[in-house]
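Reminder, nothing fancy here: chain letters follow the sequence lines and each chain counts from 1.
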2 protein chains.
Amino acid sequence: MTETQIPDIVVSRLPIYLRALTRLQQEGQHITSSGELGRRLGISSAQIRKDLSHFGEFGKQGTGYQIEFLIKQLRQILKVDHEWSVALVGAGDLGSALARYNGFRNRGFRIELIFDNDPAKIGRELSGYIVQDAALLGTLIPQRGIRLAMIAVPAEAAQFVADELVKAGIKGILSYAPININVPEGVQVQYIDPVVHLQRMTFYC
Amino acid sequence: MTETQIPDIVVSRLPIYLRALTRLQQEGQHITSSGELGRRLGISSAQIRKDLSHFGEFGKQGTGYQIEFLIKQLRQILKVDHEWSVALVGAGDLGSALARYNGFRNRGFRIELIFDNDPAKIGRELSGYIVQDAALLGTLIPQRGIRLAMIAVPAEAAQFVADELVKAGIKGILSYAPININVPEGVQVQYIDPVVHLQRMTFYC
DNA sequence: AGACTCATGCTAAAGTTTTCACACATTGCA
DNA sequence: TGCAATGTGTGAAAACTTTAGCATGAGTCT
């Protein structure tokens, strides 16, 4: 396997594979096949094999994949074999829910800084951390070398916050604001907007 | 334009267009072009024109698109020209945040039923509604003819809840549980898992 | 009115992604 | 041991998606 450019669409499926494999492992299984995995995910087995083949040969003919090994490989590929610190901006309802969510930890992430610009929230404790003044964002983030951030602020503030985050050295932003954000080259943005997902379904209803 | 099958990938972009157009409208603009929209979204203008062309001719040569008109058309295409009632299962941190989120209303959705199975939560008020016993799900959902649901329960419970929802007549599920759900033909599922999004970014970091 | 600019909708071409189908390795069993 | 069953990795084909480029209509300016 040479160092070719991996298609984005392939990369975007790896976390799904990792999630399903982890599930299988929790269920006590040690070995699986592209067929079984595909059935679970509603994906063809050929696609799974082809996706994985971009990174190496992880399976054994006639047998399938050793789950523990494949998980380890995927974690390495996705660089979540170590923990990433994440900054969270916005400590409202959604931000609080994210801060308290304990599903980040064992999947490679930890919210380590929480910001808000509401004086009523600054200084308060949230899930073991003190909510910091958003004005300190430019200081604290570089100080800790944090590269990932989540935005849970109103749409109006999202672009401003994103700009500040980029200035602070953030390289990846996960935004919950229902608006498109513009960032310079080299910074990635992902969006979560439940309404978009709902609207994708109503078309077919 | 004849009644051909619309590619999923095209449908999945329409909510993004709708969102951006609504934004432009809020900014006071009345007319836009595929070029402007594309620049905002990081999409080529040709793609936007091609996507829209599946549904009709909405623009005017030399001028562009009338925003108000295009919004109306997209709402109609996505069937969000009327409000959809949505059931929410799970009234924990995340469920509560969703229940209180007021971004659903003006985009075509309203949470109208909230369920939980925790006796401590059942009967309590949440965002103007009483949290119902999840055991009543099979009664209340058909009663109100609700077809969409959101799942905000722990991964362990998600498949069970989904099964119940399907039995109750739900046709579209938006799941926040970090697990793949199996549903029968004709029922749609969409997933929101922040970790998946974060992992898609760490690959490139 | 004529010349120019702009931006659509469309066809064709280019590019990307998925599926197919098969050689080959491994396991289990008679 | 030989044979059937299973399941990988892959090259080639098929399917799908995006981009390019152009004919055309609509506004604008002189």
Side-chain angles (χ1 to χ4, degrees), chain A residues 1-17 20-21 24 29-74 77 200 203-204, chain B residues 1-17 20-21 24 29-74 77 200 203-204:
Chain A
M1 191 65 258
T2 50
E3 185 60 31
T4 54
Q5 190 46 48
I6 312 293
D8 282 6
I9 196 155
V10 170
V11 174
S12 80
R13 279 190 294 259
L14 299 183
I16 310 286
Y17 299 163
L21 287 164
L24 278 167
Q29 226 169 296
H30 291 106
I31 285 188
T32 189
S33 65
S34 59
E36 181 180 41
L37 206 51
R39 231 170 297 120
R40 289 222 173 191
L41 298 176
I43 286 178
S44 82
S45 63
Q47 178 155 89
I48 292 174
R49 291 200 302 279
K50 172 100 5 170
D51 283 352
L52 294 177
S53 77
H54 285 97
F55 304 96
E57 307 195 355
F58 304 124
K60 213 160 128 190
Q61 288 177 327
T63 310
Y65 301 89
Q66 236 213 292
I67 294 178
E68 192 186 337
F69 173 73
L70 188 49
I71 287 177
K72 209 166 161 186
Q73 294 298 311
L74 283 173
I77 293 165
R200 281 175 185 163
F203 177 84
Y204 301 98
Chain B
M1 189 68 254
T2 49
E3 185 61 30
T4 53
Q5 190 47 51
I6 312 293
D8 283 6
I9 197 157
V10 170
V11 174
S12 79
R13 278 190 295 260
L14 299 182
I16 310 286
Y17 298 163
L21 287 164
L24 278 167
Q29 226 170 297
H30 292 106
I31 286 188
T32 189
S33 65
S34 60
E36 181 180 42
L37 205 51
R39 232 168 299 119
R40 288 221 173 194
L41 297 176
I43 287 178
S44 81
S45 62
Q47 178 155 89
I48 293 174
R49 292 199 302 277
K50 169 128 295 186
D51 284 350
L52 294 177
S53 78
H54 285 97
F55 304 96
E57 307 193 356
F58 304 125
K60 216 160 129 188
Q61 289 176 326
T63 310
Y65 301 90
Q66 235 213 291
I67 294 177
E68 192 186 337
F69 173 74
L70 187 51
I71 287 177
K72 209 166 160 184
Q73 295 298 313
L74 282 174
I77 292 166
R200 282 176 186 163
F203 176 83
Y204 301 99

Inset, instruction - Given side chain to side chain contact (heavy atoms under 4.5 Å, CB included), test A/Thr32 with A/Arg40 step by step and report yes or no. - result: CA-CA 11 Å; A/Thr32 189; A/Arg40 289 222 173 191; over 6 Å; no

Inset, instruction - Report the C-alpha distance between B/Leu14 and B/Phe55 in whole Å, list the side-chain angles of each, state the deciding distance to 0.1 Å, and finish with yes or no for side chain to side chain contact (heavy atoms under 4.5 Å, CB included). - result: CA-CA 11 Å; B/Leu14 299 182; B/Phe55 304 96; 3.7 Å; yes

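Heavy-atom minimum distance, A/His54 versus A/Pro7: NE2-CD, 3.9 Å.
When the P atom of D/dC16 is taken as reference, atom CD of B/Gln47 falls 17 Å away, rounded to whole Å. Between the CD atom of A/Glu36 and the P atom of D/dT6 there is a distance of 14 Å, given to the nearest Å. The CD1 atom of B/Ile48 sits 17 Å away from the C1' atom of C/dC10 (whole-angstrom rounding). For the pair A/Leu52 CG and D/dT8 P, the computed distance is 10 Å after rounding to whole Å. Rounded to an integer number of Å, the gap from CG of A/Leu41 to P of C/dT18 is 14 Å. When the C1' atom of D/dT18 is taken as reference, atom CZ of B/Arg49 falls 12 Å away, rounded to whole Å. The CD atom of A/Glu57 sits 11 Å away from the P atom of C/dA25 (whole-angstrom rounding). Between A/Leu70 atom CG and D/dG7 atom C1' there is a gap of 14 Å when expressed in whole angstrom units.
You'll find the side chain of B/Gln47 stays beyond 4.5 Å of the side chain of B/Leu52, heavy atoms only.
Set against C/dT27, C/dT8, D/dT17, the side chain of B/Pro7 has D/dT17 as its closest nucleotide. The nucleotide whose nearest atom lies closest to any side-chain atom of A/Ser53 is, among C/dT27, D/dT17, D/dG9, D/dG9.
If you check distances only, the side chain of B/Gln61 does reach the base of C/dT8 with a donor-acceptor pair under 3.5 Å.
Phosphate contact (OP1/OP2 of D/dG9, side-chain N/O of A/Tyr65, threshold under 4.0 Å): present. In this model, the phosphate group of D/dT17 is not approached by any side-chain N or O of B/Arg13 to a distance below 4.0 Å at OP1 or OP2. In this structure, B/Lys50 does not reach the D/dA20 phosphate: none of its side-chain N or O atoms is under 4.0 Å from OP1 or OP2. In this model, the phosphate group of C/dT18 is not approached by any side-chain N or O of A/Ser44 to a distance below 4.0 Å at OP1 or OP2. Close to D/dG27, at under 4.0 Å from its OP1 or OP2, lies a side-chain N or O of B/Lys60.
Nearest-nucleotide assignment on DNA chain C puts the 5′-proximal partner with B/Gly35, out of B/Gly35 and A/Asp51.
Among the protein residues, B/Ser34 comes within range of the sugar-phosphate backbone only, with heavy atoms under 4.0 Å from sugar or phosphate atoms but none that close to a base.
When atom types are taken as modelled, the side chain of A/Gln29 and the backbone of A/Ile31 share a donor-acceptor pair closer than 3.5 angstrom.
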